[in-house]
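Just so it is clear, the model here is predicted, and its values are computed rather than measured. Throughout, numbering of the chain's residues begins at 1 and tracks the sequence.
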Amino acid sequence: MTIYHWDLRKKKRTGGKKVPYRRKRAYEMGRNAIETKIIKGGDIVEAVRVRGGGIKLKLKATGFVNVSTNDGKTQRTEIRGLVTNPSNMLYARRGIITKGAIIKTPLGNVKVTSKPSVSGTLNGVLVSSQET
């Protein structure tokens with residue numbers, strides 16, 4: 001099913017019906033959401049051409065996260081699991097990472113600060129360090 005981003009089928013501010021004055025256009029089409037999953041190994045990145053000829057990188061699956069600590073250092077570390085995903089309870093069960101998700105790493109729990117399906121990278125901030 002094709003996704004369209006247009007408002008010709010919506011109602012007016014007064015509640016009345018809006019009559020569409022034209023048909024759908026190709027530039028109004030959207031795409032299905034990319035759900036970033038956890039895998040072992042490297043990253044799976046998809047390059048998508050967007051309107052105007054540009055390219056967006058979409059992260060389909062990853063096993064690593066770029067973690068920023070409180071002292072200003074950033075290091076790439078592996079993902080051990082998904083703790084919770086506040087955007088959707090079913091995403092946490094399926095292991096899908098979105099912005100705001102809490103993931104488990106060897107450094108401790110990390111909150112995802114980037115949108116992996118838009119930016120093509122997975123960045124996070126250390127929430128709690130692991131006691132050793």
Hey, could you give me the [atom1]/[atom2] distance between [X] and [Y], rounded to the nearest 0.5 Å?
| X | Y | atom1 | atom2 | answer |
| --- | --- | --- | --- | --- |
| N123 | R76 | CG | CZ | 10.0 Å |
| K73 | L126 | NZ | CG | 13.5 Å |
| I34 | L57 | CD1 | CG | 11.5 Å |
| I79 | I39 | CD1 | CD1 | 9.5 Å |
| K104 | R80 | NZ | CZ | 8.5 Å |
| I96 | N85 | CD1 | CG | 8.5 Å |

In terms of heavy-atom contacts, does CZ of R49 have more than 12 from other residues, nucleotides or ligands at under 6.0 Å?
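Yes.
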
Just wondering, are more than 12 heavy atoms of other shown residues or ligands nearer than 6.0 Å to CG in L90?
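Count over threshold, so yes.
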
Going hydrophobic residue to hydrophobic residue with side-chain gaps under 4.5 angstrom, can you get from Y27 over to Y21?
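No; tracing contacts between hydrophobic side chains, which count when under 4.5 Å, never links both residues.
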
Consider only side-chain heavy atoms of I, L, V, M, F, W and Y, link residues closer than 4.5 Å, and tell whether V112 and L107 are in one cluster.
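Linked, V112 and L107 end up in one cluster.
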
Going by side-chain contact (heavy atoms from CB on, under 4.5 Å), P116 matches just one of V45, T62, T36. Which one?
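Considering V45, T62, T36, a side-chain contact (heavy atoms from CB on, under 4.5 Å) with P116 is found only for T36.
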
Sequence neighbours excluded, which residues qualify as salt bridge (charged side-chain N to carboxylate O under 4.0 Å, His left out) partners of K56?
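Result, salt bridge (charged side-chain N to carboxylate O under 4.0 Å, His left out) vs K56: none returned.
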
Expected output: side-chain R22 to main-chain P20 donor-acceptor under 3.5 Å:
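Looks like no, no N/O pair under 3.5 Å.
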
Answer yes or no: is there a donor N or O on one side and an acceptor on the other, between the side chain of S114 and the main chain of T121, under 3.5 Å?
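Yes.
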
Stepwise, does the side chain to side chain contact (heavy atoms under 4.5 Å, CB included) test hold for I3 with N32?
CA-CA 7 Å; I3 300 168; N32 292 329; 3.3 Å; yes

Check the pair S87, T98 against side-chain hydrogen bond (donor to acceptor under 3.5 Å, both in side chains), reporting the backbone distance first and the verdict last.
CA-CA 8 Å; S87 65; T98 58; 3.2 Å; yes

Please name the pair of heavy atoms, one in G95 and one in L82, separated by the smallest distance, quoted to 0.1 Å.
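Minimum heavy-atom separation between G95 and L82: CA-CD2, 3.7 Å.
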
Where do K10 and K18 come nearest, in terms of heavy atoms and distance?
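Closest approach of K10 to K18: O-CB, 3.0 Å.
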
